[in-house]
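Following: one structure in structure tokens, then a few remarks.
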Number of protein chains: 2
Amino acid sequence: MRGNLFAVAVDLVVLTVRRDQLCVLLVRRGERPFESHWALPGGFVQADEDLGDTAARELVAQTGAATQGAVEGHLEQLAGYAAPDRDPRGRVLSMGYLALLPDIPDPEAGAAFLPVEDVYGLAFDHDRILADGVERARAKLEYTTLAAAFCPPEFTVTDLRRVYEAVWRVEIDPRNFQRKVTSTPGFLLPTSTRVTGGRGRPPQLFRRGPATALHPPMLREPVPAHV
Amino acid sequence: MRGNLFAVAVDLVVLTVRRDQLCVLLVRRGERPFESHWALPGGFVQADEDLGDTAARELVAQTGAATQGAVEGHLEQLAGYAAPDRDPRGRVLSMGYLALLPDIPDPEAGAAFLPVEDVYGLAFDHDRILADGVERARAKLEYTTLAAAFCPPEFTVTDLRRVYEAVWRVEIDPRNFQRKVTSTPGFLLPTSTRVTGGRGRPPQLFRRGPATALHPPMLREPVPAHV
DNA sequence: CCGCTTCTCGTCGGCGTGAGGCTATCGGGT
DNA sequence: ACCCGATAGCCTCACGCCGACGAGAAGCGG
């Protein structure tokens, strides 16, 4: 068995929507290289771990998302990165993973959710991994029901619309959006409760339905690409 | 830098359309493990190679596709596979790559293009990698112009339609298909030549245009899923 | 009670697509 | 020479989805 040996790591692109902005979880590095730079959370694959195991373990460790996030959230493999010079310590292959979570409080010190538009100069090639993750998330909202992964267990149509508007950075007509999502079978399950206390007519509360695909897809115009 | 060390390999899902069937390039293993089993072509990542370099090198080595294939074809990363027991020799992470090529002659002895429906029992976890590659290819035909990667440099609308029909295993109305693809700007560039010798009216020849995305997408009904 | 806000339903027109008719132009059989 | 089948390509029609927009429903605050 020829070929060089690699250390294999998993780096997470953990996205959420906070205050109508798409945010990514970053950690401040405490060691070299790139000491005190922002980086994606991640870690090395341990013995007897598959890649998804490592990703799930790191996700729980970094967010405490075992209770809330893992149920409503989403975790999928993104891509592999293995440029020979991507890590000055030696050959490291990193598998990017994409996680979508509802808005949760900032985790431990040294980690924070920051708006993706403000993020530059991450450690290693994490700018690239982040860009790939954001693009994947934007694309998946088109033809899947994954936008609900950004929402808490019960949410309104407006909550869901704000997710689309934050991720795509566009404005969507509330009336057409409502017709679209409520007429897709299995996307939204109505609950018997309504929200009170806000301004305007109290909205209906929904839960995620069993549908995963969106037929026909929700089309977006070419986005003002940036980040 | 903790964590185990991995050998990193690249395995190729090389697809083509031959005689109206979606076919995959397989090689017969000459060594253990899985000696004399069919497997996806692949090899280990060498020093100073990035993953895409390895994939391109292996693709040329296995198909001689430097001339024809690399120009018209397509090569993209698929996913990473690293189950702890996927290779009995030790920990091996394999990056799957998907290649789409026009129909080319069978390469060296011990390698052949076989219809994907007939393929079972590949070495390692290559059945899974193949299934992922086929599903990716099917999905990408919906919203990209990649179907043309299966065609020679000049092709007819019917050639292109037969690609869709072979990959999706459906029948498509020739007249609506023609309207769709010829009305998409930048998909097909007409040439001044026509084909003679066949039955019926001589068709127009086209080349690939600069467009890569298909807006709106070419929708397919839920496929009779099966490899 | 009135105005404002937000949610929800309805209407209208444009566009893309499925279904299908029709013509153009070849090869081959009689 | 003529007809016929086959393929390519154009056109029409109906239906459904979607964008633009009007209007009612149902809460809150003055």
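Chain A is the first sequence line, chain B the second, and so forth, proteins listed ahead of strands; every chain is numbered from 1.
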For Gln204(B) and dC26(C), what is the distance between atoms CD and P respectively, to the nearest whole Å? 14 Å

Just how far, in rounded Å, is P of dC10(D) from CG of Asn176(B)? 13 Å

Report yes if a donor N or O on one partner sits less than 3.5 Å from an acceptor N or O on the other, where the partners are the side chain of Arg175(B) and the base of dG18(C); otherwise report no. no

Salt bridge flag under 4.0 Å for residues Asp132(B) and Arg128(B): yes

For Gln178(A) and dC18(D), what is the distance between atoms CD and C1' respectively, to the nearest whole Å? 16 Å

Starting the side chain at C-beta, find the nucleotide from dG27(D), dT12(D), dG22(D) nearest to Arg179(B). dT12(D)

Using atom CG of Asp159(A) as one end and atom P of dC7(C) as the other, report the distance to the nearest whole Å. 9 Å

Select one nucleotide: of dA20(D), dC18(D), dA8(D), the one nearest the side-chain heavy atoms of Arg161(B). dA8(D)

Quickly, which of Leu122(A), Leu12(A), Leu40(A) forms a side-chain contact (heavy atoms from CB on, under 4.5 Å) with Ile129(A)? Name it, please. Leu40(A)

Under 4.0 angstrom, heavy atoms only, what part of the nucleic acid is Thr158(B) near: base, sugar-phosphate, or nothing? sugar-phosphate

Looking at dT17(C), I'd like to know if its phosphate oxygens (OP1 or OP2) sit under 4.0 Å from a side-chain N or O belonging to Lys180(B). yes

dist Arg207(A):CZ -> Leu188(A):CG (nearest 0.5 Å) comes out at 12.5 Å

Residue whose closest nucleotide on DNA chain D lies nearer the 5' end, Leu205(B) versus Met218(A): Leu205(B)

Start at the 5' end of DNA chain C and walk down; is the nucleotide closest to Asp173(B) or to Pro217(B) reached first? Pro217(B)

State whether the side chain of Thr145(A) and the backbone N or O of Phe187(A) hold a donor-acceptor pair below 3.5 Å, judged by distance alone. no

Where the side chain of Arg199(A) is concerned, which of dT8(C), dT17(C), dT5(C) is the nearest nucleotide? dT5(C)

Output the single nucleotide from dA8(D), dT8(C), dG16(C) whose closest atom is nearest the side chain of Pro203(B). dA8(D)

